[in-house]
Number of protein chains: 2
Amino acid sequence: MPHCHTHIEKLRQRGYRITPQREIIIKAIAHSTSHLTAEDLLELIRTSSEAINIATVYRTLEMLVEEGLIIRSDLGQGRAVYAPHQHGPHLHLVCRQCGEVFDADHTMACSLREQIWEQHHFEADFSHTTVFGLCALCQKKEE
Amino acid sequence: MPHCHTHIEKLRQRGYRITPQREIIIKAIAHSTSHLTAEDLLELIRTSSEAINIATVYRTLEMLVEEGLIIRSDLGQGRAVYAPHQHGPHLHLVCRQCGEVFDADHTMACSLREQIWEQHHFEADFSHTTVFGLCALCQKKEE
DNA sequence: CTCGCTATTGCGAAAATCCGCAATAAGGAG
DNA sequence: CTCCTTATTGCGGATTTTCGCAATAGCGAG
């Protein structure tokens, strides 16, 4: 919630036009504490304001992902979830079991980035990479 | 190609029924050298044999992923690609510009996996993690 | 404040993916 | 080999996500 205006300013500076639809979407996702599907978001918006076309929601989400303001995770099952990216770049640890998303410092990936560069001349960007696995809780449940 | 029968045997032992459709799909994907979408696979199959329903392709792919015989990566743009798991797990380096996919040795991520474990008790699985970035070619074009 | 360029929206339709259900067939038992 | 159980297929249709295109509307210039 304190980030809405920062985000909007950032987008404006990068040459994006600030439309009412974008403001609404940005506010809604910034206020959310957990990850949302595009449909969730649409529902949220519908209650508080004019309906926004679902295609616009998808396009805005795609843009926000590209600009690094939110993150998108494909959790399988043909559904993607979106979440605010409030504390700067980081890795996303997504639990395969419960779907929970944890943030990890992306600087841990520095040496890996260097190795990839040396071997493939590929400039890897770990600033919002999604890593699947099992969270501590679900590991216990497995036994 | 040498793995088809191993795969089929494995599935049989795990209680799956071996249908002609499954054999065809397993052979097609095992023979492929690169990543395929479900549609690619359908096309491949159509040329050599009876048409198989696309839903069956998806269901078989999902099952093979669950059984760990193939891997699935979401490369964004609403498309998933599937690849044999025979050459061992690997990282997917996806170029943001041209969309090309490169494979990298996943053992490079070992130390990162350990760090994540120490800091978050999260059991990360890098066996088919997708890393976005810029490939060597597109880096040159950027200048 | 008005004008003009062009980014953005909404709409309808196309893709991609998944799902329910009846019909079929794999594989074990006899 | 035949029969039975039930996993699997094909089909049609639902859902999720994307796309093309005409209409709309930000926002910078004047």
Side-chain angles (χ1 to χ4, degrees), chain A residues 5 7-26 28-29 35-46 49-67 69-82 99, chain B residues 5 7-29 35-46 49-67 69-82 96 99:
Chain A
H5 289 292
H7 283 171
I8 288 170
E9 213 35 60
K10 234 180 240 172
L11 292 176
R12 204 189 295 274
Q13 279 167 20
R14 294 180 198 172
Y16 289 97
R17 291 184 184 170
I18 306 309
T19 64
Q21 290 93 333
R22 284 185 176 167
E23 284 198 54
I24 290 167
I25 293 170
I26 289 168
I29 201 168
H35 37 279
L36 300 167
T37 66
E39 212 67 42
D40 292 338
L41 203 49
L42 195 64
E43 204 55 45
L44 249 166
I45 290 166
R46 193 170 292 157
S49 54
E50 288 299 303
I52 296 179
N53 192 277
I54 185 69
T56 300
V57 173
Y58 277 109
R59 277 185 292 225
T60 302
L61 287 172
E62 188 188 351
M63 181 269 285
L64 293 172
V65 168
E66 262 168 27
E67 291 306 316
L69 302 185
I70 65 173
I71 60 102
R72 168 198 157 122
S73 303
D74 172 43
L75 306 183
Q77 294 87 42
R79 254 186 175 152
V81 296
Y82 300 84
Chain B
H5 289 293
H7 283 169
I8 288 170
E9 212 35 60
K10 234 179 239 173
L11 292 176
R12 204 189 295 274
Q13 279 168 19
R14 293 180 199 174
Y16 289 97
R17 292 185 184 170
I18 305 308
T19 63
Q21 290 91 331
R22 284 184 175 169
E23 284 199 55
I24 290 168
I25 292 170
I26 291 168
K27 270 176 199 157
I29 200 166
H35 310 78
L36 299 168
T37 66
E39 213 67 41
D40 291 339
L41 204 48
L42 195 66
E43 205 55 43
L44 246 166
I45 290 166
R46 191 169 292 157
S49 55
E50 287 300 303
I52 296 178
N53 191 279
I54 185 71
T56 301
V57 173
Y58 277 109
R59 276 186 294 226
T60 303
L61 287 172
E62 188 187 351
M63 182 269 285
L64 293 172
V65 169
E66 261 167 28
E67 292 306 314
L69 302 185
I70 64 174
I71 59 102
R72 168 200 157 120
S73 303
D74 172 41
L75 306 184
Q77 294 85 43
R79 257 190 174 144
V81 295
Y82 298 84
R96 278 216 175 80

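Residue numbering restarts at 1 for every chain, and letters A, B, ... go by the order of the sequence lines. Since this is a predicted model, take the numbers as computed values, not measurements.
The side chain of A:Q21 places an N or O atom within less than 4.0 Å of a non-bridging phosphate oxygen (OP1 or OP2) of C:dG10. In terms of phosphate contacts, B:T19 brings a side-chain nitrogen or oxygen within less than 4.0 Å of OP1 or OP2 of D:dT9. One finds no side-chain N or O of A:R59 lying less than 4.0 angstrom from the OP1 or OP2 phosphate oxygen of C:dT8. Within the 4.0 Å cut-off from OP1 or OP2 of D:dT9, not a single side-chain nitrogen or oxygen of B:R17 is found.
Residues A:L41 and A:L61 form a side-chain contact, since some pair of their non-hydrogen atoms from C-beta on lies under 4.5 Å apart. At least one side-chain heavy atom of B:I26 sits under 4.5 Å from a side-chain heavy atom of B:L11.
We find that CD1 of B:I24 is positioned 13 Å from C1' of D:dT9, with the value rounded to whole Å. The CD1 atom of B:I54 sits 13 Å away from the P atom of D:dT9 (whole-angstrom rounding). As rounded to whole Å, 17 Å separates atom C1' of C:dA26 from atom CD of B:Q13.
Here A:E67 pairs with A:R14 under the salt bridge (charged side-chain N to carboxylate O under 4.0 Å, His left out) rule; sequence neighbours left out.
Sequence order on DNA chain C of the closest nucleotides to B:N53 and B:I18 puts B:N53 first from the 5' end.
For A:E39, whose side chain is taken as the heavy atoms from C-beta onward, the closest listed nucleotide among C:dT8, D:dG12, D:dT16 is D:dT16. Distance from the side chain of B:I52 is smallest for D:dG10 among the nucleotides D:dG10, D:dT17, C:dC11. Comparing C:dA16, C:dT9, D:dC19 against the side chain of A:T56 picks out C:dT9 as the nearest.
Using a 4.0 Å cut-off between charged side-chain N and carboxylate O, B:R59 and B:E62 make no salt bridge.
Side-chain atoms of A:R22 stay outside donor-acceptor range of the base of D:dG26, with no qualifying N/O pair under 3.5 Å.
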